[in-house]
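Structure first, commentary second.
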There are 2 protein chains.
Amino acid sequence: MNKAVDTRSQIIERASELMMQRGFNGFSYRDISEPLGVKNAAIHYHFPSKTDLIHALIEENHEVLRRKTSAFMAYGGSAREQLEGLFCFTLEQCKNGRPVCVVGALAADYDELPEDIRRANERFTDDTGKWLTRVLEVGREQGEFDFRGDAAGKAIIIAASMQGGRQLYRVHGEKLLHRLFSQIRSELGIEQ
Amino acid sequence: MNKAVDTRSQIIERASELMMQRGFNGFSYRDISEPLGVKNAAIHYHFPSKTDLIHALIEENHEVLRRKTSAFMAYGGSAREQLEGLFCFTLEQCKNGRPVCVVGALAADYDELPEDIRRANERFTDDTGKWLTRVLEVGREQGEFDFRGDAAGKAIIIAASMQGGRQLYRVHGEKLLHRLFSQIRSELGIEQ
DNA sequence: GTCTATATCCGGATAGAC
DNA sequence: GTCTATCCGGATATAGAC
């Protein structure tokens with residue numbers, strides 16, 4: 001692993017953090033280069049334009065999600081644990097200064113974004129929705145969850161509320177997220 | 001109503017639209033002044049700084065919400081109608097190029113915002129939560145809704161999912177919002 | 001692969017004329 | 001109350017040296 005690879009991944013890491021903190025228009029190249037101890041030109045070398053950087057960043061986040069969820073999809077496991085993992089992940093991200101998820105961070109600028117970024121974003125949310133639907137289905141089959149109706153519909157309201165919850169976290173803090181998680185558990189028939 | 005008042009309110013109107021479209025950092029004074037046929041300086045006359053403008057904009061939106069909801073709070077009415085009004089309002093806003101609500105638009109930049117704007121935002125979301133909780137309570141009392149547990153918790157998940165739904169609207173379009181609305185209705189025991 | 005230096009543009013904001 | 005003119009800082013991006 002040479003220096004270039006290292007710088008490249010550090011840029012993506014820092015850019016992800018900034019995106020989730022401040023959105024697409026909320027950070028500059030200096031916010032990345034300064035803490036990394038490199039110059040703006042170094043970023044342009046790895047990613048010619050800002051949209052190239054964003055594209056790489058979405059793919060990277062997608063890849064992380066894939067790794068985290070593939071084990072469950074392939075071999076089965078506790079649905080309850082998967083759900084709590086989602087809650088935990090969301091809470092940790094918020095606490096670590098990443099209160100806006102990638103999709104949310106891009107939402108504000110969506111129609112200015114190039115087509116390929118929109119596609120990448122679409123695939124990302126699609127995969128998340130499918131994973132959550134599967135968790136709900138498996139959880140019901142295994143008797144961990146108790147709910148009626150369409151698992152896909154349930155997945156939509158949960159996924160949407162997690163995104164909205166991140167926004168409300170900013171305004172009302174951690175307590176609100178815990179109340180949201182409690183409500184979701186309660187609606188899945190999980191005694192707490 | 002003289003010219004100044006008119007310009008002032010037009011600025012707020014246009015700024016609201018831009019905020020909900022692109023977020024705090026996503027628009028400039030030119031985006032406001034050009035379509036209004038005035039110069040940037042005119043905006044600075046009415047609102048010395050950008051945060052002054054944002055503050056006025058939140059208050060204005062809050063006022064609109066207050067007017068829309070006060071009748072229900074004071075005299076009672078159909079809770080179902082109120083809920084459908086919320087759905088309709090959200091969908092119309094999305095379709096009219098306002099896919100991000102004020103809270104969401106500010107979320108990305110929240111910790112850069114001055115204290116008074118944060119307060120205004122807090123009051124806004126508080127009032128929304130209280131209104132929705134009341135709608136759910138009244139709806140259950142009147143037999144329009146059927147759900148168990150805490151109405152405030154239900155309000156949180158619904159409010160959060162509406163905000164998140166707006167973000168997902170960008171990625172997956174109107175169909176997703178309709179599925180979200182259906183799911184909420186179904187979880188409130190409303191036959192469709 | 002990373003640097004320095006620079007180009008180009010656009011942002012919010014202010015001063016002062018009308 | 002709105003204009004013109006201007007300031008100043010910061011943004012993305014490029015050219016060419018090392």
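For dT2(C), the OP1/OP2 oxygens have a side-chain nitrogen or oxygen of Thr7(A) closer than 4.0 Å. Contact between the side-chain N/O atoms of Ser28(A) and the OP1/OP2 oxygens of dG10(D) is not found at any separation under 4.0 Å. The shortest distance between the side-chain N/O atoms of Tyr45(B) and the OP1/OP2 oxygens of dT2(D) is not below 4.0 Å. Within the structure, every side-chain polar atom (N or O) of Tyr29(B) is placed at least 4.0 Å from both OP1 and OP2 of dG11(C).
Between the CG atom of Asp6(B) and the C1' atom of dT2(D) there is a distance of 14 Å, given to the nearest Å. We find that CZ of Arg30(B) is positioned 16 Å from C1' of dA13(C), with the value rounded to whole Å. Summarising the geometry, the separation between CD on Gln10(A) and P on dG1(C) is reported as 15 Å, rounded to the nearest angstrom. His44(B) has its NE2 atom 17 Å from the P atom of dA5(D), to the nearest Å. Rounded to an integer number of Å, the gap from His46(B) NE2 to dT2(D) P is 4 Å. In this structure, Ile32(B) places its CD1 atom 14 Å from P of dT2(D), rounding to the nearest Å. At whole-Å resolution of the value, CZ in Phe47(B) and P in dG1(D) are 12 Å apart. Arg8(A) places its CZ atom 16 Å from the C1' atom of dT2(C), with the value rounded to the nearest Å.
A salt bridge between Arg123(B) and Glu59(B) is present, with a side-chain N of the basic residue lying under 4.0 Å from a carboxylate O of the acidic one.
Between the CZ atom of Phe124(A) and the CZ atom of Arg66(A) there is a distance of 10.0 Å, given to the nearest 0.5 Å.
Using a 4.0 Å heavy-atom distance criterion, Asn40(B) is classed as making no nucleic acid contact. Residue contacts shown for Phe27(A) are limited to sugar-phosphate atoms, with no base heavy atom under 4.0 Å away.
Ranked by how close their nearest DNA chain D nucleotide is to the 5' end, Asp31(A) and Ala41(A) are led by Asp31(A).
Side-chain atoms of His172(A) and Asp126(B) include a donor-acceptor pair closer than 3.5 Å. In this structure, a donor-acceptor pair under 3.5 Å is present between the side chains of Glu187(B) and Gln183(B). Under the 3.5 Å distance criterion, with hydrogens and angles disregarded, a donor-acceptor pair is assigned to the side chains of Glu144(A) and Ser78(A).
Less than 4.0 Å separates DNA chain D from at least one heavy atom of each of the following residues of residues 49-60 of chain A: Ser49(A), Lys50(A).
No side-chain heavy atom of Ile190(A) sits less than 4.5 Å from a side-chain heavy atom of Asp146(A).
A donor-acceptor pair is defined here as one N or O able to donate and one able to accept, closer than 3.5 Å; such a pair exists between the side chain of Gln21(B) and the backbone of Gly97(B).
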